[in-house]
4 protein chains.
Amino acid sequence: MPNTPSSNDNTPATATRRERRKEARPGELIDAALDLFVEKGFAATRVEEVAARAGVSKGTLFLYFPSKDELFKAVVRENISGRFVEWNSEFEGFEGSTGDMLGYCMNSWWERVGATKASGLTKLMMSEASNFPEIAAFYQQEVIQPGHTLIRRILQRGMDRGEFRSLDLDYAVYSVVAPMMFMILSRHSMGVCVPSNVELDPQRYIAAQLGVILNGFSLRPDDARPDARKA
Amino acid sequence: MPNTPSSNDNTPATATRRERRKEARPGELIDAALDLFVEKGFAATRVEEVAARAGVSKGTLFLYFPSKDELFKAVVRENISGRFVEWNSEFEGFEGSTGDMLGYCMNSWWERVGATKASGLTKLMMSEASNFPEIAAFYQQEVIQPGHTLIRRILQRGMDRGEFRSLDLDYAVYSVVAPMMFMILSRHSMGVCVPSNVELDPQRYIAAQLGVILNGFSLRPDDARPDARKA
Amino acid sequence: MPNTPSSNDNTPATATRRERRKEARPGELIDAALDLFVEKGFAATRVEEVAARAGVSKGTLFLYFPSKDELFKAVVRENISGRFVEWNSEFEGFEGSTGDMLGYCMNSWWERVGATKASGLTKLMMSEASNFPEIAAFYQQEVIQPGHTLIRRILQRGMDRGEFRSLDLDYAVYSVVAPMMFMILSRHSMGVCVPSNVELDPQRYIAAQLGVILNGFSLRPDDARPDARKA
Amino acid sequence: MPNTPSSNDNTPATATRRERRKEARPGELIDAALDLFVEKGFAATRVEEVAARAGVSKGTLFLYFPSKDELFKAVVRENISGRFVEWNSEFEGFEGSTGDMLGYCMNSWWERVGATKASGLTKLMMSEASNFPEIAAFYQQEVIQPGHTLIRRILQRGMDRGEFRSLDLDYAVYSVVAPMMFMILSRHSMGVCVPSNVELDPQRYIAAQLGVILNGFSLRPDDARPDARKA
DNA sequence: TATGAATGAGCTTTCATTCAT
DNA sequence: GATGAATGAAAGCTCATTCAT
């Protein structure tokens, strides 16, 4: 609220340094944790390191997060699952073609997650999910489910509006998801996905995948009739 | 098999049973380790388990591999060896349409890799590569490069024969690779890829992805005069 | 109670509310601590809980008691104060048989101590005494000594009046004390005294013990010529 | 088996030092643990101390006992619950009067448990049971239950044989148990039970309690008739 | 005086690695 | 060569105690 500076005049200037610290702490810890989790993985990151990077002691971390698990969940919430409300509402208000919509969706996902440190969390889950079932369940519920639901709704919209051909929805979702996941992996897995000395250009990569997908989803001349009657 | 000594005639007669045992040890340990690393991940696998599964003691394992890290490296090196010779020669002799070829390729990859223990190796690399840079480089050279080259050649063939539209080859490859990698992940990562209580059916999955891809690669009516109207 | 100032007239008018508060603090903390120490033991009670129950912050507790240990000592000291004056005077005036007297004594002890929070103090001493030698000495002087003396006097009265047989007084005292202590333990020690799913009924328990004790103290026919035949 | 030295001749003298250590380890650890648990309590004893006192490292302790809890259980089994088979069989074979039997029982309990370090375990349970429910349940099952059952059987025998009067068994048990527990407490609780400068003499204490109890259990002249017909 | 954020020693348990036998 | 007993560094978490405000 940069345009309502006077409205805070009654907030005492006495908000002490300590109080300000206290409010900032969770965020500082989450930032530090994101860095380290992404860099070293969940198991290999020691809470003491996280605390140290945030400039506090081990005990202080546990003042704000009751366990390492909860710290991780907070990191995920802050960096990924929190985004879905925004995306969902963008979907609701979108006016253009479903193809544009899908493109917008993939590109903005890339900007807000894929290109950021947050994408490291996805990689991390792939590596360590099986060792931390509770975290895996959380991630699955907070990230995977909403993501799938959103994409499903987009594809459904395309079919409803006659823009896409009739799709096996349960599986078509993965035509969108797989390239994105793959992109993340390629950025975090030391060339285990992509030939060395190749650096994928995200924009071009997304454009290419989108091109194939949209062409793949589109009505073929012969599809005109069979689907027409479906409605 | 102490009672079938003659069946081993091709082994030098000078190799006593003990020596043969000794030579077999590393292989047995590597097999056991592959199973366990794939099943539980690198960190969660205890060397004692590996030794036990190979039927030796913990100490013995360290006789053959100086550390757990080295054991891991041996596992990967041992299991990657010319996996592409066969496929390449099949490509040379293939007669049908490039669409069929791609379908054959994906399905046979599934049968020979995706559905087998070998896919565990892929998963292993994705999870652990960043901790073993040398191994990642090795894997990338022995597996990633040849794989990409093969798919590239297929797509090129499709374009050359006028079956596929003009593709950005560097990126189109991933339309094929990504869904396959994703499939492996979903099978090895405890549902961090796929919503819980959904079990992907490989055949249906591959069929669906192939459907989208081939449609996506295909010439559109307007493509006849390639890219003319795109602008 | 800001609106009932006159009701406190007997408090010196010079004591401001804040000062009164301040004087009450230690007592409130000690009460809270007694409850919690009894309920959960010394080690398992967190000072923060004590402070919370007393309605102050952790820091405030340390303003009044320099350490958890000192808090414990204060709890015991504060709760032991001339618990035996009353009983002693009742003993002086008692008119009935010594058997009735003992029964009265045990039952009233149960009502006034055993069944109340005060028994928690006894339990506390039994559990923690060895960690607080000075306190143990204090308790022993203020509680154990007077208690023993009282019971001794009762038994002596019984012998003097020919109601009880000749007893080894130093040890007979424990026939009375032991069952009472045991009762307290059984009520505070999670069934380490009494088989699970058994809940002792105090009245019945006391009646049973008293029955055995009185029968045990009573003159036997042969006791007429005391101890004569024992050899 | 000091009289069968030659029977061990076939044991190879090659039982290495290491092997001998290995067999002795659990016992050494249990002994060390008993000492420390009794001296400092369960919670306050660190496993590292136990290991150190047994002359091994922390890790070694966990080679033999999977957790601190299990170590404690082993200590209890070794020092208390193991005794009940012996006691029970002694009960079966006992020929004398039930009074003698009870006396024998109390005295031998004193010798084998009460007078030994093992009695510290009982004190420990009273202090810490509520903080370690699993251990409390174990103790209750392995020690309290069998003890009560044994005493019950003795009292029942006395009643069956017309030696004891009709007793409220559920509560009479405590006439035996309470004095014993009390004795233990007095030895471990720094004079919280017994006046200072009094050192209870166990033999005399037990004799005195037994005297009162047996007299208390015995048939009174008037009991002769009513109980006589009960049979 | 009162607060409560911050600290850090201390505890149990795990497991790769060593080495005497 | 093979064993497996022994080691000890680490790691997550708790809580009495301190001290800036």
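All chains are named by letter (A, B, ...) in the order of the sequence lines, taking the proteins before the strands, and each is independently numbered beginning at 1.
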Inset, instruction - Output all residues satisfying ring pair (Phe, Tyr, Trp, His ring centres under 6.0 Å) with Phe72(D), sequence neighbours left out; order by chain, then residue number. - result: Phe37(D), Phe42(D)

Legend entry - Heavy-atom neighbours of Glu39(B) CD exceed 12 at 6.0 Å: yes

Inset, instruction - Look only at the side chain of Thr45(A) and the backbone of Gly41(A), and say whether a donor-acceptor pair between them is shorter than 3.5 Å. - result: yes

Inset, instruction - Whole angstrom is fine here: how far is it from CD in Glu28(B) over to C1' in dA2(F)? - result: 14 Å

Legend entry - 5′-ward residue of the pair Ser57(D)/Leu61(B) relative to DNA chain F: Leu61(B)

Inset, instruction - Quick one: closest heavy-atom pair of Leu61(D) and Leu71(D), and the distance? - result: CD1-CD2, 4.1 Å

Legend entry - Secondary-structure stems for DNA chain E, with pairs counted as Watson-Crick or G-U when both distances are under 3.5 Å and runs at least 3 long: E:2-21 with F:2-21

Inset, instruction - Could you encode protein contacts along nucleotides 9-15 of chain E as a string, one character per nucleotide from 5' to 3', using B for base contact, S for sugar-phosphate-only contact and - for no contact, with a heavy-atom cut-off of under 4.0 Å? - result: BBSSBBS

Inset, instruction - Give a yes/no answer on whether the side chain of Tyr64(C) brings an N or O atom under 4.0 Å of OP1 or OP2 in dT1(E). - result: no

Legend entry - Protein-nucleotide distance (Leu36(C), atom CG; dC15(F), atom P), rounded to Å: 13 Å

Inset, instruction - Would you tell me if any nitrogen or oxygen in the side chain of Thr60(B) comes within less than 4.0 Å of OP1 or OP2 on dT3(F)? - result: yes

Legend entry - Counterpart residues, ring pair (Phe, Tyr, Trp, His ring centres under 6.0 Å), relative to Phe62(A) (two or more places apart): none

Inset, instruction - Please check if any side-chain donor atom of Thr122(D) sits under 3.5 Å from a side-chain acceptor atom of Tyr139(D), or the reverse. - result: yes

Legend entry - With sequence neighbours excluded, residues passing side chain to side chain donor-acceptor pair (under 3.5 Å) with Lys123(D): Ser127(D)

Legend entry - Set of ring pair (Phe, Tyr, Trp, His ring centres under 6.0 Å) partners for Phe65(A), sequence neighbours left out: none

